[in-house]
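Count residues from 1 along the sequence. None of these values were measured; they are calculated from a predicted model.
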Amino acid sequence: MLFFKTFGVYVGVIRPGYMAVRTMSNATVNIKFQWGLKSSDPEQLPVLVIGQSGHLNQLSWSDVRCKLEPRVTEEAWKRGLSCVSTSPGESCELWPRAVTLASLPARRSRHAAPSRAHALAKIVRATQRTTDEAIVLVCRKRDVYASCMGIARSYPLYHARSSPPPARALSVEILLVAEDKLEGESEDEGVGPTDPSLLDGALSLEELTTIHQAADATRLAARITDTPTNIMNVDKFIEEACNVAKELDIPEPCIIRGEELRARGMGGLYGVGRAASCPPALVTLSYAAPAAARTVAWVGKGIVYDTGGLSIKARASMVGMKGDCGGAAAVLGAFALTVKAKPEFNLHAVLCLAENSVGPNATRPDDVHTLYSGRTVEINNTDAEGRLVLSDGVVYAHRDLKADTIVDVATLTGAQGTATGKQHAAVLCNGAALEAAAVRAGLRCAELAHALPFAPELHFAEFTSCVADMKNSVADRNNAQPSCAGLFILAHLGFDFPGQWLHVDMASPSVCGERATGYGVSLLAVLFGARTGSRLLRALSPLGRL
């Protein structure tokens, strides 16, 4: 069981009142977000107290005693603080199997998140219990959103065991501390100035609701990505999209599917998915804002399974390819979260859904397909399929949906992990401002991103074809392969595309071990949060009112 304790800013003597919002549940874990510590006996409700050591040391015994007594004494609490303060990143038990105190790493480099959410999630996963439990999260308000998402994604929703674990409750209680600068900190480096509302030492019910909705959306995206393809096929993914539209009370999704894709000229999506038993589909959810001056489209790669096609993957490389729909899952979750926040712009979620299968109708290497852009592509690798479906998706977003800002999100290349690592997505952008904002948003919400070189004149020649406008895979895999993959998509919009385009390759951060993370939900929602009705998303967003 996990407790979110919210924001007793310890700048003065004012303590927050107790506040809670509705719970988020599945058959296994029910997460409850609460404001204020609620008295409990750790023998009945085991508790993890976690935060940076400097923040933990701001607490007095009276701040936490209601969660620890009668098992832990003030002396034991102080000894525990001494232990974790001298060994940042470590934990110690203050009462066997009932009370754990853990500190987060003290130092933060400029490309890591100030919240230390990745370290927090690792500790939470390692200390989880099979009974109801509580977490007391000690942090600054500016870090609370990222920290809560780190906890939420540590409790995945999908399970297929014949004897599932019993349902349990997870309660998270958040204590906010003062903004004192800690040793080793360089908080403003890369993050930018902090919005005053993140310094006010209070958490409103509306802000708490946003945290809940963000965790809900993140776990939704992770559940879809975790679910195997014999269950989460294209038909089922469409059903998930329809359920989201119904929940949001917006029009039913627009679905272009099967032979209609071919008839409308979407040869990329059609060619990738035509060999599968479930036909491919382009699914669009739309939210129309009153008097909107801008239209934003998020385009997600939804390859529900990727065998590699006739350029078939090796056995070990194919395991885990149920997760190749992580981009579309993230777009769906982010759309749900942002629409609940009432954006001031028109917003579309474009899901490019297909199974890259092997069969008599599968695309062959050497085939030439005409994509929705009208440009022809010589297929030299059927395992480079994501860029084909996304190319049709982004052109549809521009041509049919009239989007002036387009973001495509995908588990696109294995080379992404080599280029930017397991924690940072690789981003490519046709504008420096949006690129910098994406990186900054990643630092603020702990869905990290790092920019790739944007140089079409240096890299796009890798797709040269003798018989078509381009090939779909590079000639030299050592020449900025993740950048090239993104440029392929932009080429169909046109390198002179007048709007804003951002490409997010999140192949590695979309998973942690064998579980999906729901990466992308928070990155998109925070990046575009400035023009929404959510106070918390507005404060976190680096874009301002652009």
A.B. asks: Nearest 0.5 Å please: distance from the CD atom of Gln128 over to the CD1 atom of Ile135.
C.D. replies: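 One finds 8.0 Å between CD of Gln128 and CD1 of Ile135.
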A.B. asks: Are the side chain of Arg538 and the backbone of Thr532 linked by a donor-acceptor contact shorter than 3.5 Å?
C.D. replies: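 Flag set: sc Arg538 to bb Thr532 pair under 3.5 Å.
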A.B. asks: What is the minimum heavy-atom distance between Tyr155 and Ile151, and which atoms define it?
C.D. replies: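 Taking every non-hydrogen atom into account, CD1-O, 3.3 Å.
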A.B. asks: Mark yes or no for whether Ser103, through its side chain, and Gly89, through its backbone, hold a donor-acceptor pair below 3.5 Å.
C.D. replies: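 Here the side-chain-to-backbone pair exists.
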A.B. asks: Go through the structure and list residues passing side-chain contact (heavy atoms from CB on, under 4.5 Å) with Glu69, not counting sequence neighbours.
C.D. replies: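 side-chain contact (heavy atoms from CB on, under 4.5 Å) list for Glu69, sorted by chain: Trp61, Arg65.
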A.B. asks: Mind checking ring pair (Phe, Tyr, Trp, His ring centres under 6.0 Å) for His348 and listing every partner two or more places apart, or none if nothing turns up?
C.D. replies: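 Residues passing ring pair (Phe, Tyr, Trp, His ring centres under 6.0 Å) with His348: none at all.
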A.B. asks: Judged by atom type as modelled, is there a donor-acceptor pair below 3.5 Å linking the side chain of Arg129 to the main-chain atoms of Arg97?
C.D. replies: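 Indeed, once roles are kept as given, a pair shorter than 3.5 Å links the two residues.
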A.B. asks: Looking at Pro251 and Ser286, what are the two nearest heavy atoms and their distance?
C.D. replies: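 Between these two residues, the closest heavy atoms are CD-O, 4.2 Å.
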A.B. asks: Spell out, as yes or no, whether a donor-acceptor pair under 3.5 Å connects the side chain of Arg153 to the backbone of Ala121.
C.D. replies: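 Such a contact is absent between Arg153 side chain and Ala121 backbone.
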A.B. asks: Does some side-chain heavy atom of Thr338 sit less than 4.5 Å from a side-chain heavy atom of Tyr287?
C.D. replies: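 A side-chain contact is absent here, since even the closest heavy-atom pair is not under 4.5 Å.
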A.B. asks: Cut-off 3.5 Å, side chains only: do Asp63 and Ser60 have a donor facing an acceptor?
C.D. replies: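 Their side chains do contain a donor-acceptor pair, which is all the 3.5 Å distance test asks for.
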A.B. asks: Would you give the length of the straight line joining atom CD of Glu435 to atom CD of Gln500, rounded to the nearest 0.5 angstrom?
C.D. replies: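 Atom-to-atom, Glu435:CD and Gln500:CD are 12.0 Å apart.
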A.B. asks: Out of curiosity, Ile50 CD1 to Ser91 OG, how far, rounded to the nearest 0.5 Å?
C.D. replies: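 Reported value, rounded in 0.5 Å steps: 8.5 Å.
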A.B. asks: From Thr218 OG1 over to Glu447 CD, what is the distance, rounded to the nearest 0.5 angstrom?
C.D. replies: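 Reported to 0.5 Å precision, the distance equals 6.0 Å.
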A.B. asks: Show your reasoning for whether side-chain contact (heavy atoms from CB on, under 4.5 Å) applies to Val64 and Leu175.
C.D. replies: CA-CA 9 Å; Val64 294; Leu175 283 172; 4.1 Å; yes
A.B. asks: On a heavy-atom basis, which atom in Leu452 and which in Ala419 lie closest, and how many Å separate them?
C.D. replies: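 Scanning both residues completely, I find the closest heavy atoms to be CD2-CB, 4.4 Å.
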A.B. asks: Judged by modelled atom types alone, do Ser522 and Tyr145 share a side-chain donor-acceptor pair under 3.5 Å?
C.D. replies: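 The answer is yes; a qualifying pair exists.
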A.B. asks: Assess the side chains of Thr420 and Gln416: does a donor N or O sit below 3.5 Å from an acceptor N or O?
C.D. replies: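 The criterion, which ignores hydrogens and geometry beyond distance, is satisfied for Gln416 and Thr420.
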A.B. asks: Using a strict 4.0 Å threshold on nitrogen-to-oxygen distance, state whether Asp195 and Arg444 make a salt bridge.
C.D. replies: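 Here Asp195 does not pair with Arg444 in a salt bridge, since their nearest N and O are not under 4.0 Å apart.
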A.B. asks: Is the shortest side-chain heavy-atom distance between Lys67 and Pro42 below 4.5 Å?
C.D. replies: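 Heavy-atom side-chain distance check fails, nothing below 4.5 Å.
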A.B. asks: State whether the side chain of Glu207 and the backbone N or O of Ser204 hold a donor-acceptor pair below 3.5 Å, judged by distance alone.
C.D. replies: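 Indeed, once roles are kept as given, a pair shorter than 3.5 Å links the two residues.
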A.B. asks: Quick one, Leu428 with Leu490, criterion side-chain contact (heavy atoms from CB on, under 4.5 Å). Give me CA distance, side-chain angles, the key distance, then yes/no.
C.D. replies: CA-CA 10 Å; Leu428 189 72; Leu490 179 59; over 6 Å; no
A.B. asks: Any side-chain heavy-atom pair from Ile123 and Leu104 closer than 4.5 angstrom?
C.D. replies: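 Yes, side chains in contact.
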A.B. asks: Taking side chain as C-beta onward, heavy atoms only, is Pro509 less than 4.5 Å from Leu448?
C.D. replies: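 No, too far: nothing below the 4.5 Å cut-off.
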A.B. asks: So, the side chain of Arg116 versus the backbone of Pro105: is there a donor-acceptor pair under 3.5 Å, distance only?
C.D. replies: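 A pair under 3.5 Å: yes.
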A.B. asks: At their closest point, which heavy atom of Pro114 faces which heavy atom of Val191, and how far apart are they?
C.D. replies: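 The pair with the smallest heavy-atom distance is CG-CG2, 3.7 Å.
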A.B. asks: Any idea how Trp501 and Phe454 line up, ring-wise: parallel (<30°), tilted (30 to 60°), or perpendicular (>60°)?
C.D. replies: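 Ring orientation of Trp501 relative to Phe454: tilted.
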A.B. asks: Can you list every salt bridge (charged side-chain N to carboxylate O under 4.0 Å, His left out) pair that touches residues 499-522, not counting sequence neighbours?
C.D. replies: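 For residues 499-522: Asp226-Arg515.
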A.B. asks: Determine yes or no for a side-chain-to-main-chain donor-acceptor pair under 3.5 angstrom, with Asn30 supplying the side chain and Arg168 the backbone.
C.D. replies: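 No, because the side chain of Asn30 does not come within donor-acceptor range (under 3.5 Å) of the backbone of Arg168.
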A.B. asks: Show the nearest heavy-atom pair for residues Trp95 and Glu43, with the distance to one decimal.
C.D. replies: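 In this case the closest contact between Trp95 and Glu43 is NE1-OE2, 2.8 Å.
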A.B. asks: So, Ser534 versus Thr210: side-chain donor-acceptor pair below 3.5 Å or not?
C.D. replies: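 Per modelled atom types, Ser534 and Thr210 side chains form a pair under 3.5 Å.
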A.B. asks: When rounded to the nearest 0.5 angstrom, what distance separates NE2 in His55 from CG in Asp143?
C.D. replies: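 Those atoms lie 7.0 Å apart.
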A.B. asks: Answer yes or no: is there a side-chain heavy-atom contact under 4.5 Å between Phe335 and Ile250?
C.D. replies: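 Touching, per the 4.5 Å side-chain cut-off.
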A.B. asks: Keeping the roles fixed (side chain from Lys141, backbone from Ala202), state whether a donor-acceptor pair exists under 3.5 Å.
C.D. replies: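 Pair found, side chain donor or acceptor close to backbone of Ala202.
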A.B. asks: Check for a donor-acceptor pair, side chain of Thr517 on one end and backbone N or O of Ser510 on the other, with a separation under 3.5 Å.
C.D. replies: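 The answer is yes, because a donor-acceptor pair under 3.5 Å joins these two groups.
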A.B. asks: Go through it in stages, so that I can follow the logic: the residues are Leu81 and Leu101, the test is side-chain contact (heavy atoms from CB on, under 4.5 Å), and I'd like the CA-CA distance, side-chain angles, deciding distance and then a yes or no.
C.D. replies: CA-CA 8 Å; Leu81 281 178; Leu101 177 63; 4.1 Å; yes
A.B. asks: Any chance you could lay out the salt bridge (charged side-chain N to carboxylate O under 4.0 Å, His left out) test for Lys301 and Asp408, step after step, and finish with the verdict?
C.D. replies: CA-CA 8 Å; Lys301 174 188 172 183; Asp408 68 78; over 6 Å; no
A.B. asks: Is there a side-chain contact between Cys445 and Leu540 (heavy atoms, below 4.5 Å)?
C.D. replies: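 No - every pair of side-chain heavy atoms lies 4.5 Å or more apart.
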A.B. asks: Take His111 and Gln423, measure what side-chain contact (heavy atoms from CB on, under 4.5 Å) needs, and give me the verdict at the end.
C.D. replies: CA-CA 10 Å; His111 290 154; Gln423 305 292 350; over 6 Å; no
A.B. asks: Taking the side chain as every heavy atom from C-beta outward, state whether Met149 and Val521 have any pair of such atoms under 4.5 Å apart.
C.D. replies: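 No, too far: nothing below the 4.5 Å cut-off.
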A.B. asks: Do you know which two heavy atoms are closest between Ala146 and Ala446, and how far apart they sit?
C.D. replies: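 Residues Ala146 and Ala446, closest heavy atoms: CB-CB, 3.8 Å.
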A.B. asks: Check the side chains of Arg140 and Thr194 for a donor-acceptor pair under 3.5 angstrom, ignoring hydrogens and angles.
C.D. replies: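 There is no such pair (donor and acceptor under 3.5 Å, judged by atom type) between the side chains of Thr194 and Arg140.
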A.B. asks: Report the distance from atom CG of Leu536 to atom CD of Glu206, rounding to the nearest 0.5 Å.
C.D. replies: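 Here the rounded value is 8.0 Å.
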A.B. asks: Quick one: does any side-chain atom of His398 pair with a main-chain N or O of Phe497 as donor and acceptor, under 3.5 Å?
C.D. replies: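 Checked: no pair found.
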A.B. asks: Could you check if a side-chain atom of Glu240 sits within less than 4.5 angstrom of a side-chain atom of Leu220, using non-hydrogen atoms only?
C.D. replies: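 Yes, at least one pair of side-chain atoms sits under 4.5 Å.
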